[in-house]
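Any value given below was found using the heavy atoms of this structure, including those in side chains, with hydrogens, waters and symmetry copies removed. What you are looking at is a predicted structure, and each value in this text was computed from that prediction instead of being measured. Within every chain, numbering begins at 1; the chains are lettered A, B, ... in the order of the sequence lines, protein sequences first and strands thereafter.
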Protein chains: 2
Amino acid sequence: MGATTRRSDRLGCKSSLERPSATDQLQVWTGRKRSTTALDVKESRYMLEDQVGYLLRQASQRHTALFQKIVPMDLTPTQFAALVKLAELGECSQNDLGRRTSMDVATIKGVVERLRAKGLVDVRSDPKDKRRTIISIPAEHAQIVPELHAAGHTISNLTLSPLSSAEQKSLLRLLKKLS
Amino acid sequence: MGATTRRSDRLGCKSSLERPSATDQLQVWTGRKRSTTALDVKESRYMLEDQVGYLLRQASQRHTALFQKIVPMDLTPTQFAALVKLAELGECSQNDLGRRTSMDVATIKGVVERLRAKGLVDVRSDPKDKRRTIISIPAEHAQIVPELHAAGHTISNLTLSPLSSAEQKSLLRLLKKLS
DNA sequence: CACACCTTGTTAGCATACTAACATAAATCA
DNA sequence: TGATTTATGTTAGTATGCTAACAAGGTGTG
């Protein structure tokens, strides 16, 4: 967290403190003062809509919106992920389930608690390791998993539908490479 | 996030596969024990790690983690987006700012309130339209915007660093096409 | 065996992100 | 003009997603 201030010296922008109003320092960032090369413009221009973080956030929002319309039983994307992974594993500890679905311990606790409240998971303590909480899908709800898989495929296809088949493959490959 | 996977966890889950009742059906869905045709497998197989929603969530998490390490003044990604967009616009209404940064009215209210608490934005009511709240960056903080741009570039580059230059361009293009 | 360390889980607190219900002000149209 | 509709903003409630501090159960090493 202390790493935040060490980079401010690397830009000459600090010297332009004499900026009066909020609107006219746009010209400073966009490279006003000297014979501006294309490189300068590229470095100083910052378009929020072109940044990977912003685009990821937008794409996630769109996906979540599609998700809520299609998924059965009012499951959220994370609840869905936990259930699907749990079905794949048979059963596992709460922390492990979180690890395998990219949720930290605090998040997975809440997700498991809400799934338990819906009766979609069983929660019991591990007799062999008293620290552990073992999560599993009760037998009477095992049949929902194929439904989840089907809905999941539909949601993924819908989310990716603006892209061609080749583009879809490409996007998935690049996203995997990113993590 | 859960950076390391301990083998004790894997073993713990696998070894406790000496099936209580719930695990019997698992073999149906995962198709382990019978003469499953290729079509069956393809239809029933659902790999969480291959789904676009899951990959988007993971990528967003990685980006956010990088963001927090680099961005100045403890800004969150959404606070950062609001500030940068506000600098671009000069000033605008609270709802409009939310619209232009992909935040709904409830979210942008909280973001603006926290930025106001830090003194990074001014909030005043519009005399010409009494419904509106006008947000702007105070003159004494105008110089932070170039720093934000520089940090933003650093964060984007770092986030995209697992990809080649061509792959980076491709990913941004595909993500834009998705929204 | 004792002790340090590691892992698991809980709790509290903060920040998005969304919905729904509500109040007020502005715009539109009959 | 008056009534309806639309736009802006607020509040309450729920669900991730993260940090930090804490407790308690295992592990490993000297």
Each residue besides B/Val52 in its hydrophobic cluster should be listed here, by chain and number; the cluster joins Ile, Leu, Val, Met, Phe, Trp and Tyr at side-chain heavy-atom distances under 4.5 Å.
-> A/Val52, A/Leu55, A/Leu56, A/Leu160, A/Leu163, A/Leu171, A/Leu172, A/Leu174, A/Leu175, A/Leu178, B/Leu55, B/Leu56, B/Leu160, B/Leu163, B/Leu171, B/Leu172, B/Leu174, B/Leu175, B/Leu178
Ignoring backbone atoms, establish whether A/Gln94 has a side-chain N or O less than 4.0 Å from OP1 or OP2 of C/dT10.
-> yes
C/dT7 base to A/Arg131 side chain: any donor-acceptor pair below 3.5 Å?
-> yes
Whichever of A/Thr101 and B/Asp96 has the more 5' nearest nucleotide on DNA chain D, that residue is B/Asp96
Whole-Å distance between C/dA27 C1' and B/Asp129 CG?
-> 10 Å
Looking at residues 56-66 of chain A, who's got a heavy atom less than 4.0 Å off DNA chain C?
-> A/Arg57, A/Gln61
Test item: A/Leu83 and A/Val145 side chains (from C-beta on) under 4.5 Å apart, heavy atoms = no
Positions of residues 72-84 of chain A (non-hydrogen atom under 4.0 Å from DNA chain D), listed by number = A/Thr76, A/Thr78, A/Gln79
Separation of C/dT16 atom C1' from A/Met103 atom CE, nearest Å, is 17 Å
Quickly work out the B/Phe67 CZ to D/dC18 P distance and round it to whole Å.
-> 15 Å
Which part of the nucleic acid, if any, lies within reach of B/Asp104 when heavy atoms closer than 4.0 Å are counted: base, sugar-phosphate only, or nothing?
-> base
Does anything in residues 64-89 of chain B pair up under ring-ring contact (aromatic ring centres under 6.0 Å, His included), and if so which pairs, sequence neighbours excluded?
-> A/Tyr46-B/Phe80, B/His63-B/Phe67, B/Phe67-B/Phe80
Of the residues in residues 119-127 of chain B, which ones touch DNA chain D at a heavy-atom distance under 4.0 Å?
-> none
Could you check whether B/Lys109 gets within reach of a base, just the sugar-phosphate, or nothing at all, counting any heavy atom under 4.0 Å?
-> base
Linking Ile, Leu, Val, Met, Phe, Trp and Tyr by side-chain heavy atoms under 4.5 Å, what else ends up with A/Val105?
-> none
Closest nucleotide of DNA chain C for A/Asn95 versus for B/Lys118: which of these residues is on the 5' side?
-> A/Asn95
Distance-only side-chain donor-acceptor flag, B/Asp104 / B/Thr107, under 3.5 Å = yes
